[in-house]
Amino acid sequence: MSRRFRLGLFALAGPGLAVVLLLGMHGLPAFGHFRGLYGVLANRLEPPLRHATDIVTALNFDLRAFDTLGEEFILFGSVSGVALLLRQLRDEHKDERNRDVADHRFADASDALRVTSLILIPLAFALGAYVVVHGQLTPGGGFQGGVVLAAGPIAILLAGRYFALKALAPAWALEALDSIGAGAYALIGLGGLIFASVYLQNFLPLGTPGKLLSAGTMPLNSLAVGIEVTGAFLLTWTEFLDQALIVERGAR
Amino acid sequence: MSFLPYVVAAWLFVVGLWGVVSSQNLVRTVLSLTVVQSSTYLVLLGVGYRSGAQAPIVADIPASSRLVDPVVQVLVLTDVVIEATVTALLLALVVQAHKRFGSVDPADLRTLRD
């Protein structure tokens, strides 16, 4: 499709889109005056019934836990898709001759950048772990913390050591993290089926609100999601970096 | 100005769509799509807002506080995850398209028919 044709089509469809947008916006509740009952009930019921203080996480891992299961597997499926799309093709080979010189754009990183990235690694790990395990108490949870955790190893790339990153987090380990996280979430749900006769039902003691171990299965769910997201994001990033740094055109 | 967030959302939507339509670079197409998607965050969060209300974190606020709607916030979280995965998949396709056709201009992808 040529650019000209696309622009023509857009000009043709534009007025229709404008009408639909205006009609749609007209039906929205006025800003600040939302009257949906679902959220009000969740706000009122989740703290006493589930002992969670972050209602967003409580919704994510309790009321809408089944949706989160679907979200988990969307992530899992799409990461598998990326790995499949970026596989080593028949007319490609991996060029790992320059393992030690780390020949890439960040290879000439200054000493200051290298030290900073070294300091960043434990900080990112600590913050990520904190965000994952405090999901039911304060803003955060498995999805958010998992991304922060994945950012830790990526700091090694900033230090100009991509092959060290590959050694620390090889593809098989990342795939394992991704699968273990996704599987663990489904298995925790199975625990609900066994002990409370409803899939993904909260079956653990609820504990004291505001304590680290409270809200029943929510911290476990959060941990499972955190593990999966860490693996999934690192796998995606390293697949792309492999394409840029290792995979070469032409059979060996 | 109670409609301003929605106006911004509509603007983001249209600007992103224009980016997709007018793009001559597939990477720009993918990034424009993320702009389109960010308009949905604004709509969702705007819809769920209640004037004078606080975030739905009840750790250290009085039990009678007005809270914003948490459901839309969960939906935004889902939305963000979907955006990340869709972007990764599309960029992977762009990488492969570049390998096959040596170009990232969508107009050059006509050879797909072969």
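Excluded from the calculations below are hydrogen atoms, water molecules and symmetry mates; all remaining heavy atoms, backbone and side chain alike, are included. Chain A is the first sequence line, chain B the second, and so forth, proteins listed ahead of strands; every chain is numbered from 1.
- Of the atoms belonging to B/Ala84, it is side-chain heavy atoms, and not backbone ones, that fall under 4.5 Å from chain A.
- Interface remark: of the candidates A/Asp54, A/Val147, A/Thr138, A/Asp54 forms the most heavy-atom pairs closer than 4.5 Å to chain B.
- The contact between A/Leu137 and chain B is made entirely by backbone atoms, counting heavy-atom distances below 4.5 Å.
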Could you give me the CA-CA distance, side-chain angles and deciding distance for A/Leu28 and B/Val47, then say whether side chain to side chain contact (heavy atoms under 4.5 Å, CB included) is met? CA-CA 7 Å; A/Leu28 286 175; B/Val47 161; 3.6 Å; yes

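- Contacts between B/Val80 and chain A at a heavy-atom distance below 4.5 Å are absent for every atom of the residue.
- Contact of B/Val21 with chain A is made through backbone and side chain together, with heavy-atom distances under 4.5 Å.
- Note: B/Tyr49 and A/Phe31 have parallel aromatic rings, judged against thresholds of 30 and 60 degrees for the angle between ring planes.
- Comparing B/Val43, B/Val20, B/Leu67 by how many heavy-atom pairs each has under 4.5 Å with chain A, the most go to B/Leu67.
- With a 4.5 Å cut-off on non-hydrogen atoms, B/Ile82 touches chain A through its side chain but not through its backbone.
- Options B/Ser22, B/Ser23, B/Gly46 differ in how many heavy-atom pairs under 4.5 Å they form with chain A, and the most are formed by B/Ser22.
- For the atom pair CG of B/Leu44 and CG of B/Leu77, the computed distance is 11.5 Å after rounding to the nearest 0.5 Å.
- With a 4.5 Å cut-off on non-hydrogen atoms, A/Gln144 touches chain B through its side chain but not through its backbone.
- Around atom CG of A/Leu213, no more than 12 heavy atoms belonging to other residues, nucleotides or ligands sit under 6.0 Å away.
- In terms of heavy-atom pairs under 4.5 angstrom with chain B, the leader among A/Trp237, A/Tyr38, A/Phe240 is A/Phe240.
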Apply side chain to side chain contact (heavy atoms under 4.5 Å, CB included) to A/Val229 and A/Val132, showing your working. CA-CA 11 Å; A/Val229 171; A/Val132 168; over 6 Å; no

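- The structure places CD of A/Glu46 at 5.5 Å from CE of A/Met218, a figure rounded to the nearest 0.5 Å.
- We find the CG-CD distance between B/Asp79 and B/Gln73 to be 13.0 Å, quoted to the nearest 0.5 Å.
- Contacts of A/Leu22 with chain B are absent, with no heavy-atom separation under 4.5 Å from either backbone or side chain.
- Here B/Tyr6 is the residue among B/Phe13, B/Tyr6, B/Trp18 with the most heavy-atom pairs under 4.5 Å with chain A.
- A/Glu228 contributes atom CD, which lies 11.0 Å from atom CD1 of A/Ile180 (distance to the nearest 0.5 angstrom).
- Counted by atom type alone, B/Thr78 and A/Glu71 present one or more donor-acceptor pairs between their side chains at under 3.5 Å.
- When heavy atoms are compared at a cutoff of 4.5 Å, A/Phe143 approaches chain B solely by way of its side chain, counted from C-beta outward.
- Interface remark: of the candidates A/Ala42, A/Gly77, A/Pro139, A/Pro139 forms the most heavy-atom pairs closer than 4.5 Å to chain B.
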